[in-house]
Amino acid sequence: MTIYTLANVTKVYKNKTVLNIRSLKIKKGYIYALIGPNGAGKSTLLNILGFLELPSSGTIYYRSSPVIFSQKKICPLRKEIVVVNQHPIFFSTTVYKNIELGLKIRKFSKKKRDKIIEESLDLVGMRHMVKAMAQKLSGGETQRIAIARAVALSPNVILCDEPTSSVDSENQIIIANLLKQINEQKKTTLIFTSHNRFQTAFLAHQTFFINNGEITFASYENLFAAKVILKGQEFSKCIIENTLNLTIIAHKVGCIRLLIDPEKIYICEFKEEKFANNSLYARVVQISEEKEKVRIMVFFRINITVIVSADKYKATNPLIGDMIRIYIPPEAIKILS
Amino acid sequence: MSFFVDSFYSALVLILSCDKELFFIVLVSLKVSAISTILASLAGVLLGCSISFASFKGKKMVITLFNTLLSLPTVVIGLFVYAMISRRGFFGPFDLLYTKKAIIIGQTILIIPVIVTFTISAVSQIDKRYRKTAMTLGANLFQTSWLIVKEAKFGITAAVIAAFGRVISEVGISMILGGNAKGFTRTMTTAMALEYDKGEFVFATALGIILLLLSFGINIIFQIIQGKSEK
């Protein structure tokens with residue numbers, strides 16, 4: 001079942017379009033990751049999905065009904081969704097009172113409130129902090145209590161803005177496991193933003209890459225500043241990060257930002273001559289498994305991410321430190337601006 | 001120098017002897033100031049929060065207007081209210097002139113801008129994310145506003161204390177609207193002005209000491225509250 005459908009949703013701040021989503025569907029009970037550079041529009045999208053911000057145009061369907069952003073109609077919908085901020089805000093009172101707030105608004109009895117608060121704090125392993133002042137907590141504790149506060153309200157959707165960006169590695173693992181557990185046990189739809197590819201690979205059923213407010217085809221990792229230096233009839237020459245010359249399809253000379261789709265980069269045999277242009281001899285610096293694919297980070301003046309199928313990886317079997325030959329087809333390079 | 005030391009010493013003796021007239025004047029001052037502060041707080045906090053939460057055209061202009069009203073001289077308010085409540089005034093039939101009620105009205109008008117501007121400042125300083133947090137927890141507009149006001153409680157309390165400090169030490173309104181009637185509307189500041197005219201420095205000094213002690217106490221509370229809000 002689809003819980004959200006976004007159609008031509010835009011958000012404009014001071015004449016600048018910060019979000020432009022043509023189409024997006026979110027299924028109930030799944031975990032989704034939004035990945036993209038700072039200022040890409042991830043948080044704006046989360047706020048719109050949490051009904052905290054109005055889109056400038058377009059339609060949002062929540063549980064198949066179009067959302068009307070009037071005070072009267074939006075308040076009941078907000079009670080089904082909780083946004084957990086990157087730096088969660090707590091009111092200047094105890095952990096108990098902070099969690100109790102949303103339950104009080106929902107008019108739960110005192111007995112039921114106490115039971116829910118205990119359960120949700122148990123879930124995040126923070127029951128001993130029930131009487132602590134919420135604003136005195138550490139980064140990891142704050143994030144876990146914020147998740148407990150969200151879970152206590154039994155929402156349909158939890159939207160987490162970079163839930164592990166401001167916590168230590170120990171808490172990063174705890175929080176990631178916690179989110180997975182919440183999704184599995186309570187079937188809560190989770191949407192989170194992140195910069196961490198490993199975390200998204202571990203947590204998310206599906207990852208959306210967002211850049212300049214738009215959902216893009218590839219990871220923002222291969223996002224570079226470049227300069228088109230020579231324009232040909234079909235292909236042009238560009239120099240990436242002042243260091244790497246590539247052939248691309250460009251229509252004019254000048255400074256650009258471009259994305260290289262990591263799934264469209266080939267690993268080729270050393271002797272293959274047909275890929276003379278745009279082929280590089282690069283050193284493997286990182287390898288990781290991602291669902292049924294393998295991510296290989298190679299270094300040739302700059303770090304470039306290559307994603308290959310597990311079969312392709314087994315066939316070529318590059319190891320860390322090995323020199324491999326990669327080919328970047330001009331079609332794999334998308335000019336952003 | 002000895003004149004000052006002698007007056008100061010005699011004033012202390014007068015205070016310690018719990019002079020009935022002296023303490024009645026203090027009581028009148030405290031009473032009218034407290035009532036006007038309560039009334040102005042009710043109106044000012046509500047108005048300040050409304051201005052702060054609402055977004056409307058001319059909001060900056062309204063805030064500038066209240067900031068300007070902060071420097072309104074007490075005698076101007078005194079004259080304005082006098083015109084309204086004197087026999088020939090609009091509220092003449094209520095017979096308010098030269099009563100404690102008249103002082104309270106004037107003092108309330110004096111400090112409403114103080115509380116409004118301080119409240120706007122206190123509420124504006126609360127991180128915008130508090131509002132979003134309250135909203136995502138399911139709070140409606142009223143509940144969200146109430147939560148923000150609670151977060152700004154130190155700033156708002158400081159506004160109320162500052163307002164009380166302003167009214168307890170004002171003289172123009174009390175003199176024009178209260179008339180400085182002995183046993184009725186004589187406040188600390190009006191009594192001091194009168195005693196000075198009469199050359200009764202000891203009584204005026206005693207009232208001055210009490211007024212300073214009160215102001216000192218208010219400022220200590222103010223500092224404590226400010227310190228708490230900064231933590």
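Numbers restart at 1 for each chain; the letters A, B, ... are given by sequence-line order, proteins then strands.
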Handout entry: Region of A:Leu101 in contact with chain B, defined by heavy-atom distances below 4.5 Å
Key =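 It is the side chain, since no backbone atom gets that close.
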Problem - Region of A:Glu80 in contact with chain B, defined by heavy-atom distances below 4.5 Å - result: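 Neither part.
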Exercise for the section: With a 4.5 Å cut-off on heavy-atom pairs, point out which of A:Val84, A:Val83, A:Leu77 contacts chain B the most. Expected result: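 Among the listed options, the one with the most contacts to chain B is A:Val83.
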Handout entry: Interface residue of largest heavy-atom contact number with chain B, from A:Gln71, A:Glu53, A:His87, A:Arg78, under 4.5 Å
Key =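 Option with the top pair count is A:Arg78.
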Handout entry: Polar side-chain atom of B:Thr185 near backbone of B:Gly178 as donor-acceptor pair, under 3.5 Å
Key =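 Between the backbone of B:Gly178 and the side chain of B:Thr185 there is a qualifying donor-acceptor contact (under 3.5 Å).
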Handout entry: Check: B:Ser121 side chain, B:Thr117 main-chain N or O, donor-acceptor pair, under 3.5 Å
Key =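 No; zero donor-acceptor contacts below 3.5 Å.
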Exercise for the section: Check each atom of B:Lys150 against the heavy atoms of chain A and say whether the ones under 4.5 Å are side chain, backbone, both or neither. Expected result: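 For B:Lys150, no heavy atom lies under 4.5 Å from chain A.
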Problem - Interface residue of largest heavy-atom contact number with chain A, from B:Thr133, B:Asn140, B:Thr136, under 4.5 Å - result: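 Highest number of heavy-atom pairs under 4.5 Å: B:Thr136.
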Problem - From A:Phe192, A:Tyr30, A:Tyr32, residue fulfilling ring-ring contact (aromatic ring centres under 6.0 Å, His included) relative to A:Phe208 - result: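 Among the candidates, only A:Tyr32 passes.
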Problem - is_close_aromatic(A:Tyr4, A:Tyr62), centroid dist under 6.0 Å - result: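 They qualify: ring centres under 6.0 Å apart.
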Exercise for the section: Would you tell me whether A:Ser166 and A:Gln86 have side-chain atoms, one donor and one acceptor, within less than 3.5 Å of each other? Expected result: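 No.
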Practice task
Decide whether A:Thr10 and A:Ser57 meet the rule of one side-chain donor and one side-chain acceptor closer than 3.5 Å.
Solution key: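 Yes, side-chain donor-acceptor contact under 3.5 Å.
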Problem - Any side-chain heavy-atom pair of B:Tyr130 and B:Leu147 under 4.5 Å - result: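 No, their side chains stay 4.5 Å or more apart.
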Handout entry: B:Ile120 side, atom CD1; B:Asn67 side, atom CG - distance, nearest 0.5 Å
Key =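 Result: 7.5 Å between the selected atoms.
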Practice task
Carefully, step by step, assess A:Ser92 and B:Glu151 under the rule side chain to side chain donor-acceptor pair (under 3.5 Å).
Solution key: CA-CA 7 Å; A:Ser92 41; B:Glu151 281 307 305; 3.0 Å; yes
Exercise for the section: Pull out the residues in residues 104-116 of chain A that come under 4.5 Å of chain B, heavy atom to heavy atom, sorted by number. Expected result: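 If one takes a 4.5 Å heavy-atom cut-off, the residues of residues 104-116 of chain A near chain B are A:Ile105, A:Arg106.
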